[in-house]
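Reviewing the structure listed below.
Just so we're on the same page: letters track the sequence lines, and every chain starts at 1.
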There are 2 protein chains.
Amino acid sequence: MSSTPPNPHEDLTGRARIRDAALEVFAQRGVRGATVQAIAAAAGVSTGLIRHHFGSKEGLREACDAYAIGALLEQARRGMEEDAAAPGFAASMYQAGGASVRYLARALVEGSRSASDLFDAGADLTERFLAERWPDRYPAGARSTRDAAAVMSAMHLGTLVLHTHMSRRMGADPLAPEHVPRIGTAMVGIYTSMADFLTGEQGGRLAESLPADGTAPTPPPPRENSDE
Amino acid sequence: MSSTPPNPHEDLTGRARIRDAALEVFAQRGVRGATVQAIAAAAGVSTGLIRHHFGSKEGLREACDAYAIGALLEQARRGMEEDAAAPGFAASMYQAGGASVRYLARALVEGSRSASDLFDAGADLTERFLAERWPDRYPAGARSTRDAAAVMSAMHLGTLVLHTHMSRRMGADPLAPEHVPRIGTAMVGIYTSMADFLTGEQGGRLAESLPADGTAPTPPPPRENSDE
DNA sequence: CCTCAGACTACACGCTCGTGTAGCAAACTA
DNA sequence: TAGTTTGCTACACGAGCGTGTAGTCTGAGG
């Protein structure tokens, strides 16, 4: 029962089939756009059975939330055992793969409680990572730190949310396990390249035109660039 | 008459009021989740008027597409006149601000033709930027170049798509003109910091664990790290 | 054999929402 | 003044969809 993820029906209880189908349909059409009849059809059951197991469409959505988050945490825990996990939060989601991740990516945009918690958890992790590694540039709790963590989380999760577009451009589904490493490789290249760019002439001008980090938690009193 | 964007009603024709309301409601609830009656209420008109001007809900959506894309291109053109525009594509969207951008961000996830075109245009720009600046690491047309451009576009646009979450974490709407620079500052910090991280011990291990760039268009023959 | 529970289906109700129709009022034209 | 266009509303129809109800089938327990 644990080793046959790709078969849509086979061997699964009705409840599980419904959940899997719902994850997929919710991810593709959004919660509002998905109909219980479409989910029922995808699962090969009647709409009544959905009601029987989950009570209502909203109940089904909550079950999907719980299941997807659970699957993600499971993967994250497994990922923590290897050390590498840098801000490896989004990385965990890539490793988890499958319908759960597509569902969560959509939920991040449509806004569910769980999705907000998920983003916050990722941002908290990132904040700790930044503060531990560069305590002077990113003091714990400073606005610059919170900003950077929020933006970085959005950037990394953005690759998940926009995976259909990346898929189209890359000619392969970036969520398929065999292609996940391409994302990592690309990101490493981007980070090193952009840092290089920002130390150059054109990029330097751009960087200087921006306000300083403003580690002070107040709206920036016009101060000169302070970092580095 | 031309300089009062924040007032919801006042001075605007019914058609324009409907369009503005639709951009907002579509952005918040998604196309499927938005009802024409909600849009009509927000615009202070009847549902019949929407039909009168736009024919159908789908017609209204297309009008929103066209308007938002137009507003964006306008801003991009203006942005091109200053040079800085690095991969400053997403930057243009930030500068354009307002309901159009929130609408497009949502459209990127819900999938409209225009949104796909928008992503592709951004990715193309990014691809050119990479290929011009680092012709050996990012040869024009190579898979590594396409991958990097796709991922980078997704990362930058991801900050737009997930702006509600960033807003919550930052305590201020990142799309408000006075806060836009904080995003830029954060991104500059992230790029330089992460590049620093990737040259360190832990990050270096992580980078080495990934497949090489694979400028060859075939699935990567296990080769050692080649970049740098 | 009876029964009781759980998985599951068929079917109908009622609401929401997009769309269609008819018509009013003001502005412009002649 | 009459005619026409344009901006706009009120109201009703019909489809889609979530939900509610009743009932069937299977299997386990006594």
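The side-chain heavy atoms of B/I18 and B/V45, taken from C-beta on, include a pair separated by under 4.5 Å. The closest side-chain heavy-atom distance from B/L157 to B/L160 is below 4.5 Å.
Screening residues 98-107 of chain B for salt bridge (charged side-chain N to carboxylate O under 4.0 Å, His left out) gives A/E110-B/R106, B/E24-B/R102, B/R106-B/E110 as the qualifying pairs, with residues at least two apart or on separate chains.
In terms of position along DNA chain D, the nucleotide closest to A/Q37 lies nearer the 5' end than the nucleotide closest to the other residue of the pair A/Q37 and A/G55.
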### Query
Could you walk me through whether A/F129 and B/F197 pass the ring pair (Phe, Tyr, Trp, His ring centres under 6.0 Å) check?
CA-CA 11 Å; A/F129 168 74; B/F197 169 74; 5.2 Å; yes
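Of the charged side-chain nitrogens involved, at least one lies within less than 4.0 Å of a carboxylate oxygen, so that A/R168 and B/D120 count as a salt-bridged pair. Electrostatic pairing of B/R169 and A/D124 counts as a salt bridge here, judged by a charged N lying under 4.0 Å from a carboxylate O.
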Measure all distances between protein nitrogen or oxygen atoms and nitrogen or oxygen atoms of nucleotides 8-10 of chain C, and list the pairs falling under 3.5 Å.
unit_1 : atom_1 : unit_2 : atom_2 : d
C/dC8  : OP2    : A/H53  : NE2    : 3.4
C/dT9  : OP2    : A/S46  : N      : 2.8
C/dT9  : OP2    : A/S46  : OG     : 2.9

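Rounded to an integer number of Å, the gap from A/R51 CZ to D/dG18 P is 12 Å. Rounded to an integer number of Å, the gap from A/F54 CZ to C/dA7 C1' is 13 Å. What separates CD1 of A/I39 from P of D/dC17 is a distance of 12 Å, to the nearest Å. The separation between B/K57 atom NZ and C/dT19 atom C1' is 12 Å, rounded to whole Å. Between B/L60 atom CG and C/dC17 atom C1' there is a gap of 15 Å when expressed in whole angstrom units.
Relative orientation of the B/H156 and B/Y191 rings is perpendicular, given thresholds of 30° and 60° on the angle between their planes.
Across B/V151 and A/A186, no two heavy atoms sit closer than the pair CG2-CB, 3.7 Å.
A heavy atom lying under 4.0 Å from DNA chain D marks the following residues of residues 25-35 of chain A, by number: A/A34, A/T35.
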